[in-house]
Amino acid sequence: VVFDTRDLEAPSKEVNQMYWEWVIAGANHDRVALLVRSEMKRVEGNMNALSKGVKLRSFHDIDEAVKWLLIGYRPGRG
């Protein structure tokens with residue numbers, strides 16, 4: 001899953017909490033790539049994901065994000 005948040009305002013605390021609950025549950029995705037504008041948000045997102053033990057990474061560039069999402073991908077796996 002890719003979320004492009006580069007042109008969005010920061011979400012409310014409640015929306016952010018629901019987002020992280022969905023990411024942590026991991027029921028409908030293998031990995032989540034988050035496109036962000038600032039370096040601080042990229043680092044913050046990556047540190048949060050690592051501390052929560054989830055497969056989420058933040059990126060500035062869509063090509064980088066897609067490359068990361070495809071690591072270990074095998075067609076026909078479902």
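Numbers here simply count residues along the sequence, with the first being 1. Please read all numbers here as calculations on a predicted model, not as lab measurements.
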Walk me through it: do Leu56 and Tyr19 pass the test side chain to side chain contact (heavy atoms under 4.5 Å, CB included)? CA-CA 12 Å; Leu56 177 143; Tyr19 165 76; 2.9 Å; yes
Quick check: are there more than 12 heavy atoms from other residues, nucleotides or ligands sitting under 6.0 Å from NZ of Lys52? yes
How far does CD1 of Ile62 sit from CG of Asp4, to the nearest 0.5 angstrom? 6.5 Å
State yes or no: do Val2 and Leu70 share one hydrophobic cluster built from I, L, V, M, F, W and Y residues joined by side-chain heavy-atom distances below 4.5 Å, directly or via other members? yes
Determine the minimum heavy-atom distance between Trp68 and Lys55, stating which atoms define it. CH2-O, 3.5 Å
If you measure from CZ on Arg42 to CG on Asp61, what distance do you get to the nearest 0.5 Å? 11.5 Å
Yes or no on side chain to side chain contact (heavy atoms under 4.5 Å, CB included) for Ile71 and Arg31, after CA distance, side-chain angles and deciding distance? CA-CA 10 Å; Ile71 293 171; Arg31 293 174 181 225; 3.9 Å; yes
Cluster check Val36, Trp22: I/L/V/M/F/W/Y, side chain < 4.5 angstrom: yes
Per the side-chain hydrogen bond (donor to acceptor under 3.5 Å, both in side chains) rule, which among Arg37, Glu39, Arg6, Lys41 passes with His60? Glu39
Nearest heavy-atom approach of Val23 to Val54 is CG1-CG2, 3.8 Å
Minimum-distance pair of heavy atoms, taken over all atoms of Trp20 and Ala49: CH2-N, 3.8 Å
Is it true that a side-chain atom of Asn46 and a backbone atom of Ser58 form a donor plus acceptor pair closer than 3.5 Å? yes
Please answer whether the main-chain N or O of Leu8 pairs with a side-chain N or O of Thr5 as donor and acceptor at a distance below 3.5 Å. no
Over all heavy atoms of both residues, which pair between Val32 and Phe3 is shortest? Give the atoms and the distance, please. CG1-CD1, 3.8 Å
